[in-house]
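Inspection log for the structure reproduced underneath, given as structure tokens.
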Amino acid sequence: MSSPHPRSSPSLLQRSLASVWHPCTQMKTHERLPLVPIVRGEGPWLIDDQGRRYLDGVSSWWVNLFGHCHPHINARIVEQLGRLEHVMLAGFTHEPVVQLSEKLTALTGHALGHAFYASDGASATEIALKMSVHFWRNSGQPQKTRFLCLEGSYHGETVGALAVTDIALFREAYAPLVRFADTVPSPDARHAMQGESARDVALRAAAALEQVLAERHHEMAAFIVEPLVQCATGMAMHDPEYLRRARALCDRYGVHLVADEIAVGCGRTGSFFACEQAGIWPDFLCLSKGISGGYLPLSLVLTSDAIYDAFYDDEVARGFLHSHSYTGNPLACTAALATLELFEQGDVVAANQSLAEKLLAAAQPIAAHPRVQHLRQRGMILAFDVMDAPPGFARNYFQSAMEQGLLLRPIGNTVYWMPPYVLDDAAVAHLAAATLAALDDTLRG
Ligand SMILES: *Cc1c(COP(=O)(O)O)cnc(C)c1O
């Protein structure tokens with residue numbers, strides 16, 4: 001096996017390839033592409049077994065907010081570990097889950113006053129979808145069982161979540177298992193025609209949404225949308241006006257609005273919740289990824305009194321009987337509380353605004369590159385598309401960037417930054433320089 005990263009512990013790599021089935025991976029690609037053994041994390045840096053440092057430009061799959069091994073989050077988890085590691089949440093409760101629910105509810109101005117917990121993002125999606133259908137059934141409208149999603153949407157990969165994930169590569173093989181949702185055009189600002197603004201694209205997409213809702217609302221339970229940035233499809237960004245229109249249309253036609261803030265929540269887009277930038281609240285808001293600071297699996301769905309009340313009854317079957325073994329795990333909730341404490345202590349949303357400006361300034365040489373188009377930004381997400389990207393671009397770019405000491409994983413021909421919120425000036429400079437160097441290296445072939 002030829003490798004640009006000769007390592008002293010080939011046995012670990014071989015053992016991993018022999019025993020670990022890695023996610024989102026055609027395992028055969030590892031005949032050429034070496035796995036990277038990470039032994040330590042330090043702020044925004046990952047350190048391998050050779051002592052090489054990589055800036056974590058994608059927050060380890062969009063989960064890390066305040067860097068790796070953060071002293072405050074570490075200390076809070078250790079403290080909780082000495083008291084209570086876990087207890088089932090059916091029939092029992094504990095301080096961390098109550099505090100976390102209260103804090104999140106307060107962050108929605110009490111518009112979404114009830115938190116239902118799970119462990120991963122796909123489960124949060126499914127919980128929102130199931131709650132919506134069950135709400136309509138409890139409300140005497142059992143025919144409302146269909147869902148709407150945006151073209152190119154991604155809401156997770158379990159069989160239920162695949163119904164609202166419009167990415168062929170992820171769902172084709174499982175099509176016989178899935179009852180696919182209907183799709184409506186994405187408000188992706190890159191769809192702008194000559195002379196159109198991002199807002200014009202949003203209005204056009206909202207008009208298409210209205211047409212579908214007007215015709216099909218009697219069978220539609222919910223419309224699910226990833227607010228402001230459709231991340232997994234390639235950081236497709238849209239104008240907040242789309243969300244205002246979607247909220248109004250869902251109200252008019254009696255269809256729930258689900259906001260999947262699994263990736264865009266927790267300050268990522270410039271406000272704590274992405275929906276705040278549109279001045280709306282959904283009926284269901286899904287959170288995961290960053291909520292635990294990137295430490296432990298945790299997800300949740302926030303919803304309103306109106307939804308909650310439709311399940312509150314003497315009859316058991318009218319209740320929401322969904323559960324996961326680790327629902328509301330105290331260690332994960334404590335990691336989330338420690339993460340929210342860091343938001344409170346540092347006024348992180350304001351601090352990110354100036355960090356986002358630094359990122360945009362540092363990206364100017366990239367924007368000027370002759371093969372780069374659609375350089376775009378929303379808060380702590382910055383992305384650009386590479387024109388005429390050669391075959392294998394994403395994989396080759398990843399490898400080049402790693403050689404530059406930078407972890408980036410392009411989606412197709414879209415290169416993006418989604419770093420932790422703790423970059424100093426030197427890290428920002430490194431991010432920009434290594435991104436450009438890897439681009440030139442990859443395009444040279
Ligand atoms: C990652 C992601 C999910 C799925 O979360 P998992 O924890 O990977 O199951 C769902 N929706 C969005 C928008 C995501 O980015």
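Counting convention: from 1, in listed order, for ligands and their atoms alike. The residues of the chain are indexed from 1 along the displayed sequence.
Residues satisfying the ring-ring contact (aromatic ring centres under 6.0 Å, His included) criterion with F272, sequence neighbours excluded, are F343. Partners of E344 under the salt bridge (Lys or Arg N to Asp or Glu O under 4.0 Å) rule, at least two apart in sequence or in another chain, are K103.
Side-chain contact check for T233 versus D188: every heavy-atom pair is 4.5 Å or farther apart.
Near ligand 1, heavy-atom contacts under 4.0 Å come from W62, D120, G121, A122, Y154, H155, G156, E226, D260, I262, A263, K289.
Of all heavy-atom pairs between G328 and L89, the closest is CA-CD2, 4.1 Å.
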Atom pairs and distances, donor-acceptor, side-chain atoms in residues 37-46, under 3.5 Å, two or more places apart:
| residue | atom | partner | partner atom | Å |
| --- | --- | --- | --- | --- |
| R40 | NH1 | E42 | OE2 | 2.8 |
| E42 | OE1 | R53 | NH1 | 3.4 |

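Not a single donor-acceptor pair under 3.5 Å links the side chain of T105 to the backbone N or O of H110.
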